[in-house]
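To start, the structure itself, in structure tokens.
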Amino acid sequence: MATAKPKVDANTRITHALAQINKDKDRLIMVDRYVRGLHPSPFMPRNANAEFKELSKRSIHNVIPLLIDAPTDALAVEGYRRPDVTGNPPEWQHWQSNRMDQRQTLIHRAALECGQAYASVRRSLLDQKVPQIRVHAAVRTFAAFEDPLFDATPLYALVIEEEAKGEGSVGRATYFDDKFEYEVELNEGGFKLGKKKAHGMPVCPVVRFVPKMDLLGRAHGIVETVVQMQDKLNQMYLSLMIAQHHTGFAIRTATGLAPIEMLDEMGNPMYGEDGQPLFISPVIDPSTMLISPNPETKFGTLAASPTEDFMKAIEMVVQHMCAVTKTPPHYLLTGTLSNLSADALAAAESAFSRFVDEIRHSFGESWELVLRLCAFIAGDQKGYEIPDAQVQWADKGNRSLAQAVDAGLKLTQMGVPTTIVLSKVPGFTQQDIDEVEALLADQDGVNQMADKFSQRVQNNQDKAEQNLSTPAIKRAVKIPPEAKATAPKAAPAKATASF
């Protein structure tokens with residue numbers, strides 16, 4: 001006999017969720033600071049002067065946003081397909097009404113930065129049949145899974161809508177389980193449960209987006225893998241700036257210059273406290289020409305120190321960051337690859353393309369669940385239960401239009417439908433494909449009507465020719481008198497005899 005699972009109190013779950021959010025907060029805030037360029041300063045001596053400290057501030061060279069932008073720019077959902085519906089199903093209207101064409105980039109970027117992000121699907125307060133899709137950052141959200149690898153939806157989730165800011169202030173949060181939705185009031189001392197209502201969904205309506213996960217259910221983002229390398233890069237830039245500032249320019253030298261005495265307003269020599277005369281120090285810079293009457297004076301130049309070694313070290317670190325994140329090096333180092341063909345670029349981006357495909361597989365499952373929940377709220381039970389619906393991703397490859405068109409023509413000759421061929425053409429959105437399909441359908445109708453009209457005309461002509469060739473019609477045809485007069489007479493029949 002199976003034993004029923006013990007009921008867990010909502011207060012216990014919320015306490016656990018808040019503890020997990022606070023546990024991960026320092027790590028996620030660190031990730032956010034690195035993304036925004038608020039890095040720790042590079043190492044400097046304890047007795048560093050103001051000049052050294054200013055160089056340290058200017059040595060921050062943040063490349064992490066570029067590493068995040070590369071896969072984010074390659075991710076864009078542009079359609080949703082169900083086998084029982086031609087074209088985009090009704091769920092796609094909810095996608096458009098929630099402005100997800102723009103907001104999807106926010107959740108993709110957040111998931112790649114922190115390792116996970118969340119979206120919730122709720123009923124609109126104005127119309128219970130209209131779904132609302134909201135996106136949430138990992139630093140304010142926690143979702144508990146019984147099996148994070150197998151389960152698509154969590155057991156429960158807590159979303160902090162507004163944090164408490166200081167003593168006496170009150171924050172807001174929302175707690176979800178598989179049946180109910182609770183309002184939670186947050187304060188410095190803890191929390192307080194508020195209104196409770198049934199959300200009417202078959203599962204907890206919070207969906208997690210994870211770009212990469214291991215078998216223990218741990219999510220991995222891009223930023224944490226390159227934090228140490230980013231610190232190393234900043235330190236190398238500080239060394240480069242110090243070398244450029246102090247030894248990066250040639251230094252002019254002069255020995256044996258005749259000193260120039262300092263004179264007062266009356267033209268008399270000026271003396272210091274020690275009774276020695278004061279002299280004007282010579283200024284040696286690129287704008288000064290030095291002349292000395294002393295034949296023993298010697299002018300010289302100290303050569304500038306080379307900085308190529310610093311540049312090569314910096315380039316090596318950047319290449320290592322690209323290798324770890326599978327980012328093509330020419331995205332960051334524009335001088336390393338130039339004048340490459342489309343095939344060469346595709347080869348250089350092969351690892352990146354496979355990485356993007358892996359992310360699409362994970363994010364695609366999450367977006368499909370979001371749209372299925374939208375179908376459920378809209379009253380489309382079949383749209384929620386359908387197992388083989390899938391989102392369509394925009395083609396962000398570097399193939400040229402000529403290559404795509406050439407391949408499309410070959411596929412069309414093989415009998416592949418036009419809509420499938422157009423989906424592989426760069427720059428064609430799903431709206432463009434639907435418009436082309438409608439135009440082709442209208443053109444096919446016009447062509448069919450023209451074919452029917454031509455066939456009917458041909459059939460009438462064939463019938464007329466057939467009727468003219470019958471004897472009855474021939475006897476019914478009257479021959480004009482002029483034709484009779486001009487008609488040749490028939491020759492008389494010859495007599496024949498039989499022996």
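The shortest heavy-atom contact between Y237 and S59 is CB-O, 3.4 Å. In plain terms, the two heavy atoms of L112 and I68 that are nearest each other are O-CD1, 4.1 Å. A pairwise comparison of heavy atoms in A111 and A117 identifies N-CB, 3.9 Å as the closest pair. Considering all non-hydrogen atoms of both residues, Q96 and D101 come closest at OE1-OD2, 3.1 Å. The two residues V370 and A119 come nearest to each other via the heavy atoms CG2-CB, 4.4 Å. Among all heavy-atom pairs drawn from P42 and N234, the shortest one is CG-O, 3.9 Å.
Between the R103 side chain and the N98 main chain, a donor and an acceptor come within less than 3.5 Å of each other. Looking at N62, its side chain does come within 3.5 Å of a backbone N or O of V35 through a donor-acceptor pair. Counting only distance, with no hydrogens or angles, the side chain of R123 and the backbone of G200 share a donor-acceptor pair below 3.5 Å. Judged purely by atom type and a 3.5 angstrom limit, S56 has no side-chain atom pairing as donor or acceptor with the backbone of F52. A donor-acceptor contact shorter than 3.5 Å links the side chain of Q104 to the backbone of V77. Of the possible donor and acceptor atoms, one in the side chain of S124 sits under 3.5 Å from a partner among the backbone N and O of L126. A distance-only check finds no donor-acceptor pair linking the side chain of R208 to the backbone of T153 [under 3.5 Å]. Of the possible donor and acceptor atoms, one in the side chain of Q230 sits under 3.5 Å from a partner among the backbone N and O of H61. Side-chain atoms of R360 come within 3.5 Å of backbone atoms of A74 as a donor-acceptor pair (strictly under, hydrogens ignored). Without hydrogens or angle criteria, S362 side chain to E358 main chain gives no donor-acceptor distance under 3.5 Å.
No side-chain heavy atom of Y175 sits under 4.5 Å from any side-chain heavy atom of E181. Side-chain contact between L155 and D177: absent, with no pair of heavy atoms (C-beta onward) separated by less than 4.5 Å. Side-chain contact between H94 and Q132: absent, with no pair of heavy atoms (C-beta onward) separated by less than 4.5 Å. With a 4.5 Å cut-off on side-chain heavy atoms, N88 and R81 count as touching. With contacts defined as side-chain heavy-atom distances shorter than 4.5 Å, the pair L149/L216 does not qualify. Between C374 and I133, some side-chain heavy-atom pair lies under the 4.5 Å cut-off. Using a 4.5 Å heavy-atom threshold, the side chains of L67 and D69 count as separate. In this structure the side chain of P202 reaches within 4.5 angstrom of the side chain of Y384, judged on heavy atoms.
Between F176 and H199, the two ring planes are tilted [angle within 30° to 60°]. Between W95 and W92, the ring planes lie parallel to each other; the angle is under 30°, not in the 30° to 60° tilted range.
At a cut-off of 3.5 Å, with distance as the only test, a side-chain donor of Y331 or E349 sits close to an acceptor on the other residue. Between the side chains of S120 and H136, at least one donor N or O sits under 3.5 Å from an acceptor N or O. E161 and T174 form a side-chain donor-acceptor contact under 3.5 Å, judged by distance and modelled atom types alone.
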* To do: In sequence, state the C-alpha distance, the side-chain angles, and the governing distance for R218 and M213, and then conclude on side-chain contact (heavy atoms from CB on, under 4.5 Å).
  => CA-CA 5 Å; R218 295 173 298 192; M213 181 185 296; 5.9 Å; no

* Start with the C-alpha distance between E113 and R109, add both sets of side-chain angles, then the distance that settles salt bridge (Lys or Arg N to Asp or Glu O under 4.0 Å), and finish with yes or no. => CA-CA 6 Å; E113 291 173 356; R109 188 182 303 276; 5.1 Å; no

* Decide salt bridge (Lys or Arg N to Asp or Glu O under 4.0 Å) for R82 and D388; before the verdict, give the C-alpha distance in whole Å, the side-chain angles of both, and the deciding distance to 0.1 Å. => CA-CA 7 Å; R82 284 168 44 182; D388 52 351; over 6 Å; no

* List the steps, then state whether side-chain contact (heavy atoms from CB on, under 4.5 Å) holds for L240 with M311. => CA-CA 8 Å; L240 174 63; M311 299 299 297; 3.6 Å; yes

* To do: Please step through salt bridge (Lys or Arg N to Asp or Glu O under 4.0 Å) for the pair R172 and E162, ending with a clear verdict.
  => CA-CA 5 Å; R172 297 181 298 106; E162 182 180 356; 3.6 Å; yes

* Apply side-chain contact (heavy atoms from CB on, under 4.5 Å) to T325 and V226, showing your working. => CA-CA 8 Å; T325 59; V226 295; 3.7 Å; yes

* **Step-by-step side-chain contact (heavy atoms from CB on, under 4.5 Å) determination, V170 to L186** => CA-CA 6 Å; V170 177; L186 303 176; 6.0 Å; no

* To do: Quick one: do R36 and D32 satisfy salt bridge (Lys or Arg N to Asp or Glu O under 4.0 Å)? Show the steps, please.
  => CA-CA 6 Å; R36 293 187 294 153; D32 179 69; 3.0 Å; yes

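The local environment of CD in E54 is crowded, with over 12 non-hydrogen atoms from other residues, nucleotides or ligands closer than 6.0 Å. For NE2 of H246, the number of neighbouring non-hydrogen atoms (other residues, nucleotides, ligands) closer than 6.0 Å is greater than 12.
Within the cation-pi definition used here (under 6.0 Å to the ring centroid, within 45° of the axis), K196 qualifies as a partner of F180. By the 6.0 Å and 45° rule, R372 does not stack over the aromatic ring of Y80.
For F363 and W393, the gap between ring centers reaches or exceeds 6.0 Å.
The distance from the CZ atom of R13 to the CG atom of L18 is 14.5 Å, given to the nearest 0.5 Å. Distance OH/Y182 to CZ/F191: 11.5 Å, rounded to 0.5 Å. Atoms CD and CD, from Q390 and Q392 in turn, are 7.0 Å apart once rounded to the nearest 0.5 Å. The distance from the CE atom of M236 to the CG atom of D309 is 11.5 Å, given to the nearest 0.5 Å. Atoms CD and CD1, from Q244 and I242 in turn, are 11.0 Å apart once rounded to the nearest 0.5 Å. One finds the CG atom of N11 at 4.5 Å from the CG atom of L193 (value rounded to the nearest 0.5 Å).
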